[in-house]
Amino acid sequence: MEKPVVVMTNPMSEYLEHELSTQFTLLKLWTHSSKPKFFKQNSNLIKAVVGDTNCGADAEMIESLPRLEIVASYSVGLDKIDLEKCREKGVRVTNTPDVLTDDVADLAIGLIMAVLRRVAASDGFVRSGKWKGGDFQLATKFSGKSVGIVGLGRIGSAIAKRAEAFRCPISYHSRSQKPHTDCKYYSNIIDLATNCQILVVACALTEETRHIVNRKVIDALGPNGILINIGRGAHIDEPELVSALLEGRLAGAGLDVYENEPEVPEQLLGLDNVVLLPHVGSDTEETSKAMADLVIRNLEAYFGNKPLLTPVL
């Protein structure tokens with residue numbers, strides 16, 4: 001039986017590449033210098049696209065693949081996939097929820113600790129030899145600080161559970177109030193920011209949530225507030241964040257994501273009250289393998305005429 005042809009949009013995981021090439025006919029988009037030429041040559045062969053947070057399946061790609069049947073995302077986020085176009089064309093979509101929840105939530109807490117306790121700056125203080133000339137300046141306590149979470153889905157809920165262990169009062173903002181939680185709900189994000197000391201962004205990126213953290217929200221959080229983003233870079237109006245940090249209208253920030261990755265605003269690089277990570281929220285060996293396995297199992301299920309494990313569409 002002829003193997004289905006799958007195109008992988010960009011490098012993601014060597015393990016995923018190996019498994020895809022074993023079970024399917026794998027094409028690697030990034031190895032071709034001309035994408036239009038690649039799609040012209042292979043458009044009638046490709047039945048599946050595997051993408052991630054860097055490159056998914058936009059309307060142009062979907063239109064160029066008349067035999068496309070499924071898009072399997074190596075991520076939980078769907079902002080790089082044109083869901084409306086997939087729906088219009090009858091293309092199935094899957095993602096990798098749950099398996100990365102713990103790692104991203106762990107990292108959010110790690111960023112909070114790193115910013116408040118000034119872990120990166122302390123490390124630099126020791127490495128530079130400055131400790132010999134005197135003690136490092138005082139940092140800020142985490143335990144008991146009020147935490148506001150934007151988006152109380154799987155990841156947001158996991159962050160809340162971890163923060164509760166630090167005796168932190170938890171509140172949240174989302175499109176609607178969630179059942180089965182004791183966390184205080186704010187229907188307005190400005191009210192949430194006004195009433196917390198640490199604001200964590202953990203929602204999905206949609207047109208509604210793009211730049212959901214703007215100047216008004218940052219000013220509501222205030223000069224003693226900390227902003228943490230493990231969602232998507234476009235959740236935050238990045239120039240406004242930079243201005244607030246430079247002007248002292250915000251105490252600090254911990255960022256794993258940026259608007260124009262891998263580009264990072266140059267002004268942030270010199271600030272020791274900001275911790276910068278290269279979008280590694282789910283990047284552990286264990287989770288990377290689990291995500292890859294889920295992508296493979298979804299493709300196996302689809303081409304085996306079985307129910308998808310984690311269907312989006």
Side-chain angles (χ1 to χ4, degrees), residues 3-36 38-39 41-43 45-100 104 204-207 231-234 256-262 278-283 287-303 308-313:
K3 295 181 179 180
V5 177
V6 175
V7 61
M8 198 173 180
T9 60
N10 56 286
M12 303 169 204
S13 155
E14 290 184 3
Y15 171 76
L16 177 57
E17 279 185 47
H18 177 267
E19 293 301 304
L20 286 171
S21 63
T22 299
Q23 302 188 50
F24 306 96
T25 298
L26 178 62
L27 303 178
K28 302 176 184 179
L29 180 58
W30 71 93
T31 64
H32 296 265
S33 57
S34 172
K35 290 183 181 179
F38 168 82
F39 285 121
Q41 293 174 339
N42 299 285
S43 62
L45 301 175
I46 296 169
K47 291 188 175 183
V49 170
V50 174
D52 66 358
T53 56
N54 294 309
C55 182
D58 59 18
E60 183 180 1
M61 180 186 294
I62 295 165
E63 285 284 4
S64 69
L65 300 175
R67 297 190 65 195
L68 180 63
E69 298 179 20
I70 182 171
V71 176
S73 184
Y74 179 71
S75 72
V76 66
L78 300 166
D79 50 287
K80 295 296 184 178
I81 301 173
D82 193 316
L83 295 177
E84 286 304 312
K85 183 61 67 174
C86 287
R87 190 175 286 110
E88 175 190 325
K89 297 288 185 179
V91 175
R92 302 300 305 273
V93 178
T94 66
N95 64 346
T96 58
D98 297 321
V99 293
L100 50 71
V104 179
L205 179 62
T206 64
E207 285 308 310
R232 291 288 183 267
D256 185 42
V257 289
Y258 312 87
E259 282 211 74
N260 301 297
E261 296 177 5
H279 200 155
V280 293
S282 61
D283 288 0
T287 292
S288 177
K289 183 178 183 300
M291 290 168 64
D293 286 338
L294 188 49
V295 169
I296 296 294
R297 294 204 307 273
N298 272 309
L299 291 174
E300 288 175 336
Y302 178 79
F303 290 112
L308 296 175
L309 281 77
T310 54
V312 175
L313 291 178

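Numbers here simply count residues along the sequence, with the first being 1.
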Is any side-chain heavy atom of [X] closer than 4.5 Å to a side-chain heavy atom of [Y]?
| X | Y | answer |
| --- | --- | --- |
| K89 | L68 | no |
| L299 | V295 | yes |
| K35 | M61 | no |
| K47 | F24 | no |
| T9 | V49 | yes |
| V50 | M12 | yes |

Donor-acceptor check, side chain of [X] to backbone of [Y], threshold 3.5 angstrom: yes or no?
| X | Y | value |
| --- | --- | --- |
| N298 | T94 | no |
| S13 | S288 | no |
| N95 | S73 | no |
| K3 | T22 | yes |

Say you draw a straight line from [atom1] of [X] to [atom2] of [Y]; how long is it, rounded to the nearest 0.5 Å?
| X | Y | atom1 | atom2 | value |
| --- | --- | --- | --- | --- |
| Y302 | E69 | OH | CD | 3.5 Å |
| L45 | Q41 | CG | CD | 10.0 Å |
| D256 | E261 | CG | CD | 7.5 Å |
| M8 | L16 | CE | CG | 4.0 Å |
| I296 | Y15 | CD1 | OH | 7.5 Å |
| S282 | Y74 | OG | OH | 7.0 Å |

Heavy-atom pair with the smallest gap, counting every atom of [X] and [Y]:
| X | Y | answer |
| --- | --- | --- |
| I81 | C86 | CG2-SG, 4.0 Å |
| V257 | G231 | CG1-O, 3.5 Å |
| A59 | D82 | CB-OD2, 3.4 Å |
| H279 | T53 | CE1-OG1, 3.9 Å |

V5 and N42: CA distance, side-chain angles, deciding distance, side-chain contact (heavy atoms from CB on, under 4.5 Å) verdict: CA-CA 9 Å; V5 177; N42 299 285; over 6 Å; no
Just wondering, more than 12 heavy atoms not from E300 lying within 6.0 Å of its CD?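 Count over threshold, so yes.
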Run the side-chain contact (heavy atoms from CB on, under 4.5 Å) check on I70 and L308 step by step: do they pass? CA-CA 11 Å; I70 182 171; L308 296 175; 4.1 Å; yes
